[in-house]
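Just so it is clear: chains get the letters A, B, ... in the order the sequence lines come, proteins before strands, and each one is counted from 1.
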Amino acid sequence: MNTARHLVWLRADLRINDNTALAAACADKDAAVACVYAITPVQWQQHDVAGIRVDFELRTLRALEKSLDQLSIPLLIIQTDDFSGIPDALSRLCEKHQITAVHCNIQYEVNELARDAAVKQALASKGVTFHSHHDQCAVTPGTVLTNDGRFYSVFTPFKRNWLARLEAGAIRLLPIPIRRRHRFAESDNIPAAIKGFDSHVTSDITLSWWPAGEEAALERLTSFVEHGLKRYDEQRDFPELTDNDGVSRLSPYLAAGSISARQCLNAAFNYRHQHGSTKGVEQWISEIGWRDFYKHVMVGWPRVCKHRPFRLETAHIPWRHDENDFQRWCDGQTGFPLVDAAMRQLRQTGWMHNRLRMVVAMFLTKDLFIDWRWGEKFFMQHLIDGDLSANNGGWQWSASTGNDAAPYFRIFNPVLQSERFDPKGNFIREYVPELQDIRDKSIHQPKPSLLSLYPEPMVDRRMVKDRVLSHFRNLPSLTA
DNA sequence: AGACTCTTCAT
DNA sequence: TGAAGAGTC
Ligand SMILES: Cc1cc2nc3c(=O)[nH]c(=O)nc-3n(C[C@H](O)[C@H](O)[C@H](O)COP(=O)(O)OP(=O)(O)OC[C@H]3O[C@@H](n4cnc5c(N)ncnc54)[C@H](O)[C@@H]3O)c2cc1C
């Protein structure tokens, strides 16, 4: 008798726990199942995927291959330059192995949706069915709507509705599928590296901060829930507490899909059930809410995928395109210690603390008045957790071009932010060795010195607010 | 998820 | 002299 053969196309869901597409493909206990992953270097280049993110993903795949093997599910690899080659590559794969159904979890970005539509069509012409599942968000985009049936553009009411939906029923995590009885292929080799995507981060930091795979993700979650969750609200704004579980550092695992947002929420809800609610738990649940929120916004307003501002009236703001100033920001040579420490953290570790992402993004877009899209791109090129919706959301928040963004007149002062959130200068000293010997408060704004290698502040903050106001003050109000 | 200035009122 | 609150952007 012929057993059914199903394919799971893995993308941003590199796990066997709580994976909707994988579970669907395995629902038929007798079906033989294979997974496939597509390497698309030219597309990645166009999407500014960071080398360290590719490296992380390849390492994740190696761990995943082992756990899939336990289920008697091979992991296949296809490679095409960009998305346009995928319909053909998948069709041929299905033909070769007589696969009749392909499952995947939806990615909501514009290019990814177009890619999937083309794949569906190509497969249909070969008699192969294509099933795309909602999986990435804790609550499915399009199902959290305002009373008049529109997507929320403001977080607070969104969150109220979103949370009510989650709390209405228990979160049910999908189990690991049972082992297959039949196997129709062997796993392909997973390349150790992809040309053009070298990680900019040293291997010792990579190994200590970013162990890859599902198990590593679950360990990170467990450690954070145990040590950080309760006091998250008090610790989350202090970058120096990162190594003490001040924040979860789960973002790369969520971006690669080594862990699901549902698994994270489930852990938080369980903790709340056992130990009672704290501000910390509620705040962290809220952060997972932001992740869902920005994905929902992207579905409701796809223009944010296309370098366009959410607030259309800000489309013609004459942002500066000054290469030299931009380069100093990229290099962490602005002369503002906290900004520079943050940018160097990004380059040294592939990650940056949330408070600092806001500080450096606000500095680039407001103090330097440089185009937020330049910063968005640079972040994508260096972040291990680079994610279009969260990154775009964060940049448009900072630039005041987004939905529910920072009001244009509410500009961070990087020196005050430094005094408040790195009071002892511990974080600055960790990443800016030139300032290592400054032990007192002056580290937030070092006195200019001819002997110092550290640069003087690159901008006179007294003119910053006037410039921003002059461009934002008289914007027409457009809606769409 | 701010910063700044000005006023008031208690030392 | 400065803490606290209000108003402004
Ligand atoms: C300018 C800017 C750019 C950003 N770019 C990205 C990005 O490319 N990828 C990314 O995952 N996050 C991005 N963020 C959001 C946030 O900074 C990171 O998710 C967070 O710092 C990751 O650290 P963590 O896992 O320890 O977070 P935690 O504080 O432990 O939060 C848990 C999880 O909640 C989610 N989350 C938290 N805050 C946000 C947020 N503001 N928006 C969306 N999701 C959030 C993340 O998935 C995170 O892993 C950006 C923020 C800003 C201001």
Side-chain angles (χ1 to χ4, degrees), chain A residues 152-160 162-163 228 231-242 246-248 251 279-294 297 309-311 313-314 317 336-339 342 345 352-369 372 375-376 379 385 387 389-423 427 441 444-445 457 459-477:
Chain A
Y152 284 99
S153 62
V154 179
F155 179 69
T156 310
F158 168 86
K159 195 199 124 188
R160 205 173 298 130
W162 174 83
L163 199 54
R231 302 205 181 289
Y232 176 73
D233 60 316
E234 297 162 19
Q235 312 212 88
R236 61 186 295 258
D237 273 320
F238 297 90
E240 66 180 298
L241 301 180
T242 298
V247 293
S248 74
S251 49
K279 279 191 183 160
V281 186
E282 300 305 324
Q283 180 75 49
W284 197 65
I285 291 171
S286 215
E287 297 310 314
I288 305 291
W290 277 102
R291 177 178 182 277
D292 263 27
F293 178 56
Y294 282 133
V297 167
F310 180 96
R311 286 178 56 198
E313 66 271 27
T314 64
I317 287 179
F336 291 87
L338 189 66
V339 173
Q345 177 180 47
M352 192 194 292
H353 189 280
N354 177 249
R355 167 57 53 181
L356 303 175
R357 294 189 204 205
M358 295 192 290
V359 169
V360 304
M362 183 86 56
F363 183 81
L364 185 75
T365 57
K366 301 293 171 57
D367 290 49
L368 300 182
F369 209 68
W372 55 273
E376 181 191 17
F379 263 36
D385 63 15
D387 170 84
S389 59
N391 191 42
N392 183 272
W395 277 96
Q396 295 221 43
W397 180 88
S398 308
S400 306
T401 63
N403 57 297
D404 209 5
Y408 61 85
F409 46 80
R410 198 172 290 172
I411 301 169
F412 289 6
N413 177 331
V415 177
L416 291 184
Q417 290 281 311
S418 185
E419 289 170 352
R420 196 177 318 161
F421 299 115
D422 188 26
F427 181 81
K441 290 249 160 220
H444 304 294
Q445 197 170 22
V459 57
D460 180 357
R461 294 210 76 258
R462 285 171 301 184
M463 53 77 73
V464 163
K465 190 157 180 173
D466 279 348
R467 177 161 64 186
V468 171
L469 256 52
S470 73
H471 291 297
F472 272 90
R473 190 162 28 213
N474 295 317
L475 292 178
S477 75

Taking only the side-chain nitrogens and oxygens of [X], find out if one of them lies under 4.0 Å from OP1 or OP2 of [N].
| X | N | answer |
| --- | --- | --- |
| Q417(A) | dA3(B) | yes |
| R461(A) | dG2(B) | no |
| N413(A) | dG2(B) | no |

Can you measure [X] atom [atom1] to [N] atom [atom2] for me and round it to whole angstrom units?
| X | N | atom1 | atom2 | answer |
| --- | --- | --- | --- | --- |
| H353(A) | dA1(B) | NE2 | P | 14 Å |
| E234(A) | dA1(B) | CD | P | 14 Å |
| W397(A) | dG2(B) | CH2 | P | 7 Å |
| K366(A) | dC4(B) | NZ | C1' | 16 Å |
| M358(A) | dG2(B) | CE | C1' | 11 Å |
| F472(A) | dG2(B) | CZ | P | 18 Å |
| L338(A) | dA1(B) | CG | P | 18 Å |
| R410(A) | dA3(B) | CZ | P | 10 Å |

Using the ring centroid of each side chain, check whether [X] and [Y] are separated by less than 6.0 Å.
| X | Y | result |
| --- | --- | --- |
| W162(A) | F293(A) | no |
| F412(A) | F363(A) | no |
| F238(A) | H353(A) | no |

State which of [options] makes the closest approach to the side chain of [X].
| X | options | answer |
| --- | --- | --- |
| R420(A) | dA3(B), dG2(B), dA1(B) | dA3(B) |
| L416(A) | dA1(B), dG2(B), dC4(B) | dC4(B) |
| E287(A) | dC4(B), dG2(B), dA1(B) | dA1(B) |

Sugar-phosphate, base or nothing in reach of R473(A), heavy atoms under 4.0 Å: nothing
Salt bridge flag under 4.0 Å for residues E234(A) and R231(A): yes
Salt bridge present between E287(A) and R236(A) (N-O < 4.0 angstrom):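 Judged by the 4.0 Å cut-off on N to carboxylate O distance, E287(A) and R236(A) do form a salt bridge.
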